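As C-alpha cells, the structure follows; a few thoughts come after it.
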Protein chains: 2
Amino acid sequence: MDAVAAQKDTVGLPEPCARVPVEHADFIRQVLDRIGDKWTLMVVASLHGGLMRYKDLQSSIPGISQRMLSRTLSQLHQDGLVTRTAYAEVPPRVEYALTPLGASLNDIVASLIDWAADHHEEIRRHRAGTGAADAS
Amino acid sequence: MDAVAAQKDTVGLPEPCARVPVEHADFIRQVLDRIGDKWTLMVVASLHGGLMRYKDLQSSIPGISQRMLSRTLSQLHQDGLVTRTAYAEVPPRVEYALTPLGASLNDIVASLIDWAADHHEEIRRHRAGTGAADAS
DNA sequence: CAGTATCCATACAGATACTG
DNA sequence: CAGTATCTGTATGGATACTG
C-alpha cells in the first residue's frame, strides 16, 4: 500500500548528512571525468604491481591502442598520479609507476574491481531478467 | 643482435598478487563501462539518502537532462542496483532507491567521492605545473 | 509528474602512418 | 621502443517535443 512512503518523506536533503553528495559536484565531476574514461582505471590497476614500461602496459591491457595508452598515461602524469621516467638511451626505455597519490586511488580502484568480481554475476542475472523470471 | 630477446619475461605479473588485474578484464570492462559514464555514479551518490523521486533526482543533480536521468536509472534498474516503484495513479509518482547491491556500490562510490574531495586540490596543483614549479 | 523519441553536436576512441 | 599526428567512426550526451 501507500505506507511505503511513511518511513521518510522530504525527499530533499534537509538532513545534516556529512557526505558530499552532489552539492560540491564540481570536483567530483572533474575526477569522474578523468577516471570515467575507458582506460584510466585499467591503467591504474595495471600499475599496481610497480614499475612498468610502455610496451608492457600495452601488453597488459588487451584492447588498448598506442594512442589511448599515451593519452591516458599523459593525463595520469599531468595529474600527478603516475611518474614517468624516461631513459634517453639507444633503446628508448620509459618506465611508469604510481605515485603515492595514484596508489591511494588504486586502493579504491582495487575495491571497485573487487566489487565487480564479487557482484558481476548478480548484475548479469538481473540484466537477464530484471527481478523477474529468466528470459533466455 | 639487439637485446630484444629480453621480452620473454616480466610482461605479465610474476608476483603472486592475488588481485584481479587485467586478466579477468572482461567483467571489469563491463562494470567500468556501466559506471564509467557521465552520470551513473552521481545518481548512485544521490540515492544514498534513501527513496527519491524522479524530479527530486533531477533537481539534485544539477546538469542532468531527462534523457540521461531516465537512461541511467533504467540501466541501474536493469542491473539490479536500484528499485523502481511506480504508482500509476493520477499524479504519477515513481520512487527510486538503492538495492543492497546498489548500496554496496555506493559504499565504494562514497570512498571515491571522499578521495576526490581529499585530493582534488593536489591534482589541480599537479595539473597546473607537472611536478615542476610554475613559472608563468 | 514521469518518461520516451527524435535530432544533433561533440568528445571519445580506434587504425594507420610517421617520427625521435 | 616510445610516442605523436591525422583521419574517421561511433557512442555519449544534450535540447526539444511529444505522450501516458
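None of the values given here were measured: they were computed from a predicted structure. Chain A is the first sequence line, chain B the second, and so forth, proteins listed ahead of strands; every chain is numbered from 1.
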Hey, what bend do you get for the helix from dC1(C)-dG20(D) to dG20(C)-dC1(D) if you fit axes on five pairs at each end, rounded to 10°? 40°
Does [X] make a side-chain N or O approach to OP1 or OP2 of [N] shorter than 4.0 Å?
{"X": "Arg84(B)", "N": "dG3(C)", "result": "yes"}
{"X": "Lys38(A)", "N": "dG14(C)", "result": "yes"}
{"X": "Tyr96(B)", "N": "dG3(C)", "result": "yes"}
{"X": "Arg71(A)", "N": "dA13(C)", "result": "no"}

Starting the side chain at C-beta, find the nucleotide from [options] nearest to [X].
{"X": "Val94(A)", "options": "dG3(D), dT4(D), dC1(D)", "answer": "dG3(D)"}
{"X": "Ser70(A)", "options": "dT4(D), dT4(C), dC1(D)", "answer": "dT4(D)"}
{"X": "Asp37(A)", "options": "dA13(C), dA2(D), dC1(C)", "answer": "dA13(C)"}

Measure the distance from [atom1] on [X] to [atom2] on [N] and round it to the nearest whole Å.
{"X": "Arg29(B)", "N": "dA11(D)", "atom1": "CZ", "atom2": "P", "result": "14 Å"}
{"X": "Leu32(A)", "N": "dC12(C)", "atom1": "CG", "atom2": "P", "result": "13 Å"}
{"X": "Met42(B)", "N": "dT12(D)", "atom1": "CE", "atom2": "P", "result": "18 Å"}
{"X": "Met68(A)", "N": "dA11(D)", "atom1": "CE", "atom2": "C1'", "result": "13 Å"}
{"X": "Met52(B)", "N": "dG3(C)", "atom1": "CE", "atom2": "C1'", "result": "17 Å"}
{"X": "Leu73(A)", "N": "dT4(D)", "atom1": "CG", "atom2": "P", "result": "9 Å"}
{"X": "Gln75(B)", "N": "dT12(D)", "atom1": "CD", "atom2": "P", "result": "8 Å"}
{"X": "Leu69(A)", "N": "dT16(C)", "atom1": "CG", "atom2": "P", "result": "18 Å"}

What residues, two or more places apart in sequence or in another chain, satisfy side-chain hydrogen bond (donor to acceptor under 3.5 Å, both in side chains) together with Ser74(A)?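 Ser74(A) satisfies side-chain hydrogen bond (donor to acceptor under 3.5 Å, both in side chains) with no other residue.
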With sequence neighbours excluded, residues passing side chain to side chain contact (heavy atoms under 4.5 Å, CB included) with [X]:
{"X": "Arg84(A)", "value": "His77(A), Ala86(A), Val94(A), Tyr96(A)"}
{"X": "Glu89(A)", "value": "Tyr87(A), Pro91(A)"}
{"X": "His120(A)", "value": "Arg124(A), Phe27(B)"}
{"X": "Gln66(A)", "value": "Tyr54(A), Gln58(A)"}

Closest-nucleotide mapping onto DNA chain C: is Pro91(B) or Trp39(A) further toward the 5' terminus? I mean the 5' end.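 Taking each residue's closest nucleotide, the earlier one in sequence belongs to Pro91(B).
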Just checking Arg93(A): does its CZ atom have more than 12 heavy atoms from other residues, nucleotides or ligands closer to it than 6.0 angstrom?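 Yes, because the 6.0 Å sphere around CZ of Arg93(A) holds more than 12 heavy atoms from other groups.
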Between Ser104(A) (side chain only) and Leu101(A) (backbone N and O only), is there a donor and an acceptor less than 3.5 Å apart?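 A pair under 3.5 Å: yes.
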Is there a donor-acceptor pair under 3.5 Å between the side chain of Ser111(A) and the backbone N or O of Ile108(B)? no
Test ring pair (Phe, Tyr, Trp, His ring centres under 6.0 Å) applied to Trp115(A) - qualifying residues, sequence neighbours left out: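 In terms of ring pair (Phe, Tyr, Trp, His ring centres under 6.0 Å), with neighbours along the sequence ignored, Trp115(A) is linked to His119(A).
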Sequence neighbours excluded - salt bridge (charged side-chain N to carboxylate O under 4.0 Å, His left out) pairs with any residue from residues 31-52 of chain A: Arg29(A)-Asp33(A), Arg34(A)-Asp79(A)
What string of B, S and - do you get for nucleotides 15-20 of chain D, 5' to 3', if B is base contact, S is sugar-phosphate-only contact and - is no contact with any protein heavy atom under 4.0 Å? BB---B
